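For reference, the structure discussed in these notes is given below.
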Amino acid sequence: YILSLSRCETVQVGTEVTRPSSSATAVGDRLEVFVPLEGVIDLDEERARLMKNLAKVQKDLAGIDRKLANESFISKAPADVVAKERAKREELLAKEQKIGAGLTALD
């Protein structure tokens, strides 16, 4: 199904798939998608796209860090809200790391 939709020659799915060199990376909550790009698109544009995504993640992360550093927020907010913010922070940190790895792989 994926092959027919993507019009790719091959698709690899699994937890131990290695990232191809010079590939685009899309990062989701529980997955990463790698698409080999060498000779297909402008790698500088892909770097710019990843940098834009990284900047957004870092901005979101800074906002959550400000909330969690605010003693008033921590003391007044319900425990489940604080826990959700901490969980969201961990997700953003993981996403930041994956995007950074994607940028490194393009070099």
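If you're wondering where the values come from, they're calculated on a predicted model, not measured in any experiment.
- For Ser72, the side-chain contact (heavy atoms from CB on, under 4.5 Å) test picks out Asn70, Lys76, with sequence neighbours left out.
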If you look only at distance, which donor and acceptor atoms sit under 3.5 Å apart when one is on a side chain in residues 45-60 and the other is two or more places apart or in another chain?
unit_1: Glu46; atom_1: OE1; unit_2: Arg49; atom_2: NE; d: 3.1
unit_1: Glu46; atom_1: OE2; unit_2: Arg49; atom_2: NE; d: 3.4
unit_1: Glu46; atom_1: OE2; unit_2: Arg49; atom_2: NH2; d: 2.7
unit_1: Arg47; atom_1: NE; unit_2: Asp107; atom_2: OD1; d: 3.4
unit_1: Arg47; atom_1: NH1; unit_2: Leu43; atom_2: O; d: 3.4
unit_1: Arg47; atom_1: NH1; unit_2: Asp44; atom_2: OD1; d: 2.9
unit_1: Arg47; atom_1: NH2; unit_2: Leu106; atom_2: O; d: 2.9
unit_1: Arg49; atom_1: NH2; unit_2: Thr25; atom_2: O; d: 2.7
unit_1: Lys56; atom_1: NZ; unit_2: Asp60; atom_2: OD2; d: 2.9
unit_1: Gln58; atom_1: NE2; unit_2: Glu96; atom_2: OE2; d: 3.1

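- For Val82, the side-chain contact (heavy atoms from CB on, under 4.5 Å) partners are Leu68, Phe73, Ile74, Ala77, Arg86, not counting sequence neighbours.
- Residues Ile99 and Leu93 fall within the same hydrophobic cluster, defined by Ile, Leu, Val, Met, Phe, Trp and Tyr side chains chained together at heavy-atom separations under 4.5 Å.
- For Lys67, the salt bridge (charged side-chain N to carboxylate O under 4.0 Å, His left out) test picks out Glu85, with sequence neighbours left out.
- Of the residues listed (Arg66, Lys88, Arg89), the one engaging Leu61 in a side chain to side chain contact (heavy atoms under 4.5 Å, CB included) is Arg89, and it is the only one.
- From Glu32, atom CD reaches atom NZ of Lys95 across 11.0 Å, with rounding to the nearest 0.5 Å.
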